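Note that this is a predicted model, so its numbers are computed, not measured. All values below come from the heavy atoms of this structure, side chains included, with hydrogens, waters and symmetry mates left out.
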Amino acid sequence: MAAEGGRAKPAAQSRMENFRKVRTSEEEMPLPFPDLPPDVVEMKVKEGSKIRNLMNFAMAQMELKGRRQIVFSGCGRAVTKTITCVEIMKRKLGGLHQVTKVRYKTVLEVWENQDPPPDSPAQNLTVHKNVPSICILLSRDPLDPNQTGYQPPEHRHEAGEDTSGSATKGLKRPLPPPCEELLPKKLQVQVSDSPRGSGTTAGQLDH
């Protein structure tokens, strides 16, 4: 058992130090909005995405290509960044109807043992996590005000107006609670023996 600073580390923690995350993938789920056009643009926000790149692409779709609707989605640590992108677009365009849906989705992580036993193949751990996910629909056209998560258009700030505090106003708005059946479950861990380096690494979309 390894020790540091006179205190012994738990055996499980010591074993996990030999593992390195080599692959992450998200469960593919349909958007939770009915009657969306088939060519609707979905901005998939990742933890490492740059807001400037996301907004440049999204604004071009809405202003230059004349899109009527756009969806922002993100999960886990990207939820806050997703909300930030939505608030920026609402302030820049104005008059946008909004519907917010909160749910959970499964993220799969593959961890590889960096110190396998001699004469043994690389041992992988497959971890399934249930993480919070958010999908936000912005629309120039009116939406059903009776549906859960609807927010009417906000006043568009003109040049010279005091907008102090507006950047975080939308972030403090309470979100609709997820359904009970979507509450987080315990992590599911699978151990498999596979050749080192098998599979591909899921990339991040960064417009």
Side-chain angles (χ1 to χ4, degrees), residues 10 12-34 36 40-55 57-58 70-89 98-116 121-138 148-149 170-207:
Q13 179 180 350
S14 178
R15 289 195 299 269
M16 283 304 298
E17 288 179 351
N18 296 329
F19 284 81
R20 178 176 63 91
K21 184 164 60 175
V22 295
R23 187 163 65 253
T24 302
S25 60
E26 297 179 8
E27 174 189 13
E28 292 295 332
M29 302 176 65
L31 294 174
F33 308 109
L36 283 178
V40 67
V41 175
E42 179 185 3
M43 302 296 299
K44 296 182 178 181
V45 182
K46 304 295 183 182
E47 181 182 355
S49 299
K50 295 182 179 179
I51 292 180
R52 177 180 298 180
N53 294 344
L54 290 167
M55 295 312 303
F57 183 87
I70 191 169
V71 176
F72 286 85
S73 64
C75 67
R77 296 182 179 180
V79 167
T80 300
K81 185 174 293 187
T82 303
I83 298 174
T84 300
C85 291
V86 168
E87 294 301 322
I88 292 174
M89 175 161 284
Q98 175 179 338
V99 175
T100 302
K101 300 292 185 181
V102 177
R103 56 185 179 177
Y104 285 88
K105 70 187 308 182
T106 300
V107 173
L108 184 146
E109 295 179 350
V110 177
W111 296 72
E112 184 180 79
N113 191 351
Q114 301 299 293
D115 188 21
Q123 187 181 55
N124 291 344
L125 287 178
T126 301
V127 180
H128 298 264
K129 290 183 177 180
N130 286 332
V131 299
S133 173
I134 191 170
C135 292
I136 302 177
L137 169 64
L138 296 178
T148 303
L171 300 180
K172 298 180 181 179
R173 183 179 298 112
L175 298 174
C179 300
E180 292 184 359
E181 61 268 18
L182 296 179
L183 292 178
K185 301 179 181 178
K186 295 181 179 179
L187 297 183
Q188 304 172 11
V189 180
Q190 300 174 352
V191 180
S192 62
D193 293 332
S194 61
R196 185 182 301 270
S198 61
T200 58
T201 301
Q204 294 185 342
L205 173 62
D206 187 0
H207 295 290

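Distance check: Met29 CE to Thr106 OG1 gives 7.5 Å after rounding to the nearest 0.5 Å. Residue Lys101 holds its NZ atom at 11.5 Å from CD1 of Ile134, rounded to the nearest 0.5 Å. The CG atom of Leu138 sits 9.0 Å away from atom CD of Glu87, with the distance rounded to the nearest 0.5 Å. A distance of 5.0 Å separates OG1 in Thr24 from CD in Glu109, rounded to the nearest 0.5 Å.
Applying the side-chain hydrogen bond (donor to acceptor under 3.5 Å, both in side chains) criterion to Ser73, with sequence neighbours excluded, gives Glu42. In this view, Lys105 and Glu26 satisfy the side-chain hydrogen bond (donor to acceptor under 3.5 Å, both in side chains) rule, not counting sequence neighbours. Shown here are the side chain to side chain contact (heavy atoms under 4.5 Å, CB included) partners of Pro132, two or more places apart in sequence or in another chain: Tyr104.
The closest side-chain heavy-atom distance from Arg20 to Val22 is below 4.5 Å. Taking 4.5 Å as the limit, some side-chain heavy atom of Leu36 sits within range of a side-chain heavy atom of Leu137. Residues Leu108 and Glu27 fail the side-chain proximity criterion, which asks for heavy atoms closer than 4.5 Å. A heavy-atom distance below 4.5 Å is found between the side chains of Met55 and Met89.
Glu112 places no side-chain N or O within 3.5 Å of a backbone atom of Val110 that could act as its donor or acceptor partner. At distances below 3.5 Å, not a single donor-acceptor pair connects side-chain atoms of Lys81 with backbone N or O atoms of Lys50.
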_Trace of the side chain to side chain contact (heavy atoms under 4.5 Å, CB included) decision for Val41 with Phe57_ = CA-CA 10 Å; Val41 175; Phe57 183 87; 4.1 Å; yes

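Taking all atoms of both residues into account, the shortest heavy-atom contact from Val45 to Ala78 is O-CB, 3.5 Å. Of all the heavy atoms in Thr148 and Val99, the pair that sits closest is O-CG1, 3.9 Å. Pairing each heavy atom of Leu125 with each of Phe19, the nearest pair is CG-CE2, 3.6 Å. Minimum interatomic distance between Phe33 and Cys135 (heavy atoms only, all atoms of both residues): CZ-O, 3.5 Å. Here the closest heavy-atom approach between residue Gly74 and residue Val79 is recorded as O-CG2, 3.9 Å. Among all heavy-atom pairs drawn from Ile70 and Ala58, the shortest one is CD1-CB, 3.8 Å.
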